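Notes follow once the structure below has been shown.
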Amino acid sequence: MEVVKPVKRNVLLNPGPATTTDTVKYAQVVPDICPREQEFVDLMTEVRKDLVKVVHGDPEKYTAVIFSGSGTIIQDVLVNSLVPANKKILVVNNGAYSARIAEIAEYYGIPCVNLQFPNTGLADLKLVKEALDKDKDIAVVATVHHETGTGILNPAKEIGKLAHDHGCIFILDTISTYGLIPIDIEDMNVDFLMSSAQKGLAAMTGASWTVGNKKEIEKSKDYPKRSYYCNLFMQYDYFEKVGEMHFTPPVQTIYALRQAIKEYWEEGEQARWARLTKCWEAIHKGMEEMGLDSVIDKKLQGHLVVTIKAPDDPKFDFFKLHDYCYERGFTIYPGKMFGLKTFRLCNLGVITHKDIEDFFVVAKEAFKNMGLALPVK
Ligand SMILES: *Cc1c(COP(=O)(O)O)cnc(C)c1O
């Protein structure tokens with residue numbers, strides 16, 4: 001892949017899109033092509049196979065189905081396509097992204113058992129089991145692997161086991177863990193997972209997919225058709241018959257995705273996980289030096305997002321901190337569930353612990369500029 005001219009590098013510490021390589025950016029610059037050409041069909045086929053391989057899926061059992069859109073489109077697709085008539089979906093909800101799954105069900109008028117738990121901790125699995133024991137109409141269990149809103153890593157495998165013990169399929173939103181935390185789809189009891197190009201694989205926004213159980217997709221053929229553009233079986237069937245998306249794919253985004261997958265294999269699953277864990281450790285080290293605390297118990301964190309308590313001082317202004325860092329190439333993000341009294345640092349992209357150390361140099365300057373003494377406590 002040729003890099004014609006290096007692009008200004010920004011370190012994105014927001015919850016996606018993530019910092020990408022120049023080789024991924026430039027992979028989009030290709031001769032114009034009609035996506036119905038065999039050359040593009042071959043590219044799609046190769047990418048779909050790789051997307052199953054990233055999560056160690058058995059290609060006999062699992063397939064990847066891609067849609068055009070940001071991550072939410074694949075939440076929409078799975079929720080609207082996989083609940084049989086007169087059946088319910090149960091959402092294990094301890095954060096903003098599982099709340100979104102429940103909200104999608106509500107928009108489609110799909111009966112939903114929305115099991116809410118505090119968003120600072122884990123779900124109580126006894127209550128999940130009780131809910132499943134009690135209600136035999138539940139056919140689908142859905143939750144989020146890593147709550148990007150807080151940084152909590154949920155016990156997905158255990159929730160998937162409960163789902164299967166009760167004859168339900170298990171849908172897992174892995175949008176902020178796919179390509180970051182090593183995942184073995186079958187071992188984790190997952191029937192359908194979700195991912196989006198601009199997150200873990202550090203590619204471009206515009207393509208999202210599920211890796212899903214082929215038999216279950218085939219079954220869904222006879223489920224209520226609640227959406228046209230976002231119907232899973234229709235898209236799957238098209239891929240099976242002609243090897244491509246039903247409607248126009250995000251052509252250039254797919255080229256970037258192929259390059260990002262190549263870079264994923266080159267780095268390696270374990271090496272990537274180790275690099276990101278080092279970033280996360282550097283975040284905690286920087287916070288400690290500054291006297292900042294995290295909202296979520298460190299033991300519950302997935303090594304990818306830290307929600308930080310803002311200093312309890314009227315001189316602290318998140319926007320000033322944001323702007324000071326932004327002008328120097330670092331993007332930070334407000335907290336999702338706790339308002340501006342918190343902010344988040346996310347280490348999802350192609351960054352290293354060195355970038356985090358550089359960020360803290362800038363953040364410390366910003367704090368001093370606001371008139372805050374360090375450490376803040
Ligand atoms: C980013 C994200 C999504 C999707 O958000 P989009 O803005 O639509 O890309 C869904 N779930 C999780 C856990 C996420 O991190």
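On a predicted model such as this, the values are computed, not experimentally measured, just so you know. Whatever order the structure lists them in is the order used to number ligands and atoms, beginning at 1.
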Proximal atoms of ligand 1 relative to [X] (non-hydrogen, under 4.0 Å):
X: T72; result: 4 (C), 5 (O), 6 (P), 8 (O)
X: Q198; result: 9 (O)
X: T148; result: 12 (C), 13 (C), 14 (C), 15 (O)

Look only at interatomic distance and state if [X] has a nitrogen or oxygen under 3.5 Å from any nitrogen or oxygen of ligand 1.
X: I175; value: no
X: S70; value: yes
X: D173; value: yes
X: H146; value: no

Note to self: Which label fits F247 and Y229: parallel for a plane angle under 30°, tilted from 30 to 60°, or perpendicular past 60°?
What the structure shows: parallel

Considering only heavy atoms, does [X] approach ligand 1 within less than 4.0 Å through its side chain, its backbone, both, or neither?
X: R100; answer: side chain
X: K199; answer: side chain
X: Q75; answer: side chain

Ring of [Y], cation from [X] - is the NZ or CZ under 6.0 Å from the centre and inside 45° of the axis?
X: R328; Y: Y324; answer: yes
X: K199; Y: Y97; answer: yes
X: K53; Y: W265; answer: yes
X: R272; Y: Y264; answer: no

Margin query: Return the closest protein heavy atom for atom 9 (O) of ligand 1 as residue, atom name and distance.
Written below: G71 N, 2.9 Å

Next item on the list: Identify the protein heavy atom lying closest to atom 3 (C) of ligand 1, giving its residue, its atom name and the separation to 0.1 Å.
Entry: Y97 CE2, 3.5 Å

Notebook entry, point to check: Should we count CD of E39 as having more than 12 external heavy atoms under 6.0 Å?
Noted result: no

Item checked: Non-neighbouring partners of N369 that pass side chain to side chain donor-acceptor pair (under 3.5 Å), sequence neighbours left out -> none

Notebook entry, point to check: Does ligand 1 have an atom that lies less than 4.0 angstrom from a heavy atom of E147?
Noted result: no

Next item on the list: Kindly state whether the ring of H353 and the ring of W280 have centres lying under 6.0 angstrom apart.
Entry: no

Using a 3.5 Å cut-off and no angle test, enumerate the donor-acceptor pairs between side-chain atoms of residues 3-11 and protein atoms at least two apart in sequence or in another chain.
{"unit_1": "K8", "atom_1": "NZ", "unit_2": "N10", "atom_2": "OD1", "d": "2.8"}
{"unit_1": "R9", "atom_1": "NH1", "unit_2": "D355", "atom_2": "OD1", "d": "3.1"}
{"unit_1": "R9", "atom_1": "NH2", "unit_2": "V350", "atom_2": "O", "d": "3.1"}
{"unit_1": "R9", "atom_1": "NH2", "unit_2": "D355", "atom_2": "OD2", "d": "2.9"}

